[in-house]
Amino acid sequence: MLWPSDYHMHTPLCRHASGEPTDYAARALAVGLTEIGFTDHSPMRRDDFDNWRMRFDQLGEYVEKVRQAQKEHPALQIKLSLEVDYLPGHEDWIRELAGLHPWDYFIGSVHYVSDSWAVDNPEMISKWKERDAFEVWSVYFERLTKAAETGLFEIIGHADLPKKFKIYPKQDCTKLFTSFLDAVKKKDVAIELNTAGLRKDCQEIYPSAAFLALAAERKIPITFGSDAHAITEVGMNFAEAVAQARAAGYTHFRRFEKRKISEARIGG
Ligand code: ZN
Ligand code: FE
Ligand code: FE
Ligand code: ZN
């Protein structure tokens, strides 16, 4: 099996991941991957925004670490990228970041539904009790749709992230999903199959099979990502992700080099 590229992984600079990039690269080769991409949590304009990302003055060190992994593992393709938080109003900052290094792609992710609450933060899970689940999912998808519309991102990350703790609205969310996917289609953005969901309470890939079917109907391109925060998570559950993609009718995934698109066949 020729595995799809693993386009989502982190480094210790974000303060909640372990293992150096060069060790992730070694692991990738050991599990049979041919391409990976580092996408650590991007810095915010203010370093005190939260405590789970690199500081701005560490961005150069991040790039150096990825370059070192590339040098030490010439048999592996290694992309230099970021997982960028999308919040309304941050567009100029994201544009500034984009100009600082020759990035291969940006994953745009929504974690924050307000300036102080990231829906996936386990330390703030009690916030879910103070708000109506459907209202939270609605705000989240409004932001995710905006993220796609900005055109600042090649990939939208873990599209149905609010399911992480298994707090589902009673209401039907299909309309939230399709409005988002229509924006994705219009901007020719990809969504990722992110296997980290299998390691969380929800125990399924982001996005769900039903969500992915809606994406497939619209012929929306996909990427694959483990969202590894530890060496052993590189390429994790890719067999399941490939099976889910194929079941939805996908034959190809997207690759990026210096923000230029190409397509590759799933399974080689
Ligand atoms: Zn993280
Ligand atoms: Fe994320
Ligand atoms: Fe991530
Ligand atoms: Zn992530």
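When a ligand or atom number is given, it counts from 1 through the structure's own listing order. Starting from 1, each residue takes its place in the sequence as its number.
Residues forming a salt bridge (Lys or Arg N to Asp or Glu O under 4.0 Å) with Arg46 (at least two apart in sequence, or on another chain): Asp48. Shown here are the side chain to side chain contact (heavy atoms under 4.5 Å, CB included) partners of Val31, two or more places apart in sequence or in another chain: Arg27, Leu33.
One finds an angle of 110° at the Fe ion (ligand 3) between NE2 on His8 and NE2 on His10, to the nearest 10 degrees. Here His158 contributes NE2 and His111 contributes NE2, and at the Fe ion (ligand 2) these two atoms make an angle of 100°, given to 10°. For the pair NE2 of His41 and NE2 of His16, the angle whose vertex sits at the Zn ion (ligand 1) is 100° to 10 degrees.
Using a 4.0 Å cut-off between charged side-chain N and carboxylate O, Arg53 and Asp50 make a salt bridge. With respect to the salt-bridge test (charged N to carboxylate O, under 4.0 angstrom), the residues Asp182 and Lys185 do not qualify.
Distance check for Asp227 against the Fe ion (ligand 3): an N/O/S atom falls below 2.8 Å. Among the backbone and side-chain atoms of His229, an N/O/S atom is found under 2.8 Å from the Zn ion (ligand 1). Backbone or side-chain N, O or S atoms of His10 do not reach the Zn ion (ligand 1) at under 2.8 Å.
The minimum distance between the Fe ion (ligand 3) and any N, O or S atom of Glu83 involves atom OE1.
Here the two rings, on Tyr112 and Phe49, have centers that are under 6.0 Å apart.
No more than 12 heavy-atom neighbours from other residues, nucleotides or ligands sit within 6.0 angstrom of CD on Glu123.
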